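This report concerns only the one structure given below.
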Amino acid sequence: MASTLLSSPCFLSLPNGKVETDGKVGAGNFRSSFYGKLMCTHQFAVGKKIQSRCYGNSVVVASVLGRKKTNTRETVIPDPDYRIPIVLLGLAGGLAYSNNLLPAAPVGLLGALLLFQTTRVRFVFDNEALEVKVGNELQESGENVFVGGKNRWKYSTFVNWELWWPNFPILVYFKETQTKPEGQVHFFPVIFNGKQLYDVMVERAGASKTSGPKDS
């Protein structure tokens, strides 16, 4: 049920007892005084059922639309960001150049892994949930290997989230109650555009308590 308030210029009372609405005419009975006031209770159909009550110089129209309003938000996919893997690979190269091979190996492997993941992993923010998908075709990522369940979480279940650190985001954290009632914590490396990620998280999951990238 939706209601619309229309002023009298949009509804014109015709001499023969008809009402014209945007070029459409519906028949009805009206009582009008000599003082220019319109008093009527009138029901008619022009494509849809409309009930109108007229008081003074205005008309209140209630329209039965027969369908629900839907607020659909567009799907947002933040762009990939290669800064973290590039920094890690550069650090590994520097360590190797200075003959620090022991720390260079794990840092280099982590950088290579994140570089690979940046090319394929996507955060997909649809109308009602955040979902992790993979590949250019946005295929489902399957079960979560750590806590089980699908890698898809409704915004309505988010308890809190943070972006660490805002000026050069490294990790995104969020806690949700969909996986388990007491809450499940998730950490992801920020291999996406940090500003885009922050903006869509604020829009869909509410404001973060402490984080937020500063405008450059």
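Predicted model only: the values in this text are computed from it and were never measured.
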Interatomic distance, CD@Glu140 vs CD@Glu143, rounded to 0.5 Å, equals 10.0 Å

Would you check if the side chain of Tyr155 reaches a backbone N or O of Ala205 as a donor-acceptor pair within less than 3.5 Å? no

Can a donor-acceptor pair be found, under 3.5 Å and without considering hydrogens, that links the side chain of Trp161 to the backbone of Gly206? yes

Rounded distance (nearest 0.5 Å) linking atom CZ of Arg120 with atom CG of Asn136: 11.0 Å

Could you measure the distance from the CZ atom of Phe116 to the CD1 atom of Ile191? Nearest 0.5 Å is fine. 10.5 Å

So CD of Glu176 and OG of Ser156: to nearest 0.5 Å the spacing works out to 10.5 Å

So how far is it from Leu130 CG to Phe125 CZ, rounded to the nearest 0.5 Å? 4.5 Å

Check the pair Ser141 / Asn151 against side-chain hydrogen bond (donor to acceptor under 3.5 Å, both in side chains), numbers first and verdict last. CA-CA 7 Å; Ser141 56; Asn151 288 310; 3.0 Å; yes

Test Trp164 against every option in Phe188, Tyr173, Phe174 by the ring-ring contact (aromatic ring centres under 6.0 Å, His included) rule and name the one that passes. Tyr173

To the nearest 0.5 Å, what is the distance between CZ on Phe187 and CD1 on Ile170? 14.0 Å

What heavy-atom pair brings Val172 and Val190 nearest, and what distance separates the two atoms? N-CG2, 3.6 Å

Under 4.0 Å between a Lys/Arg side-chain N and an Asp/Glu carboxylate O for Asp126 and Arg152? yes

Counting only N and O atoms by type, is there a donor-acceptor contact under 3.5 Å from the side chain of Gln184 to the main-chain atoms of Gln178? no

Check: Asp79 main-chain N/O paired with Gln196 side-chain donor or acceptor under 3.5 Å: yes

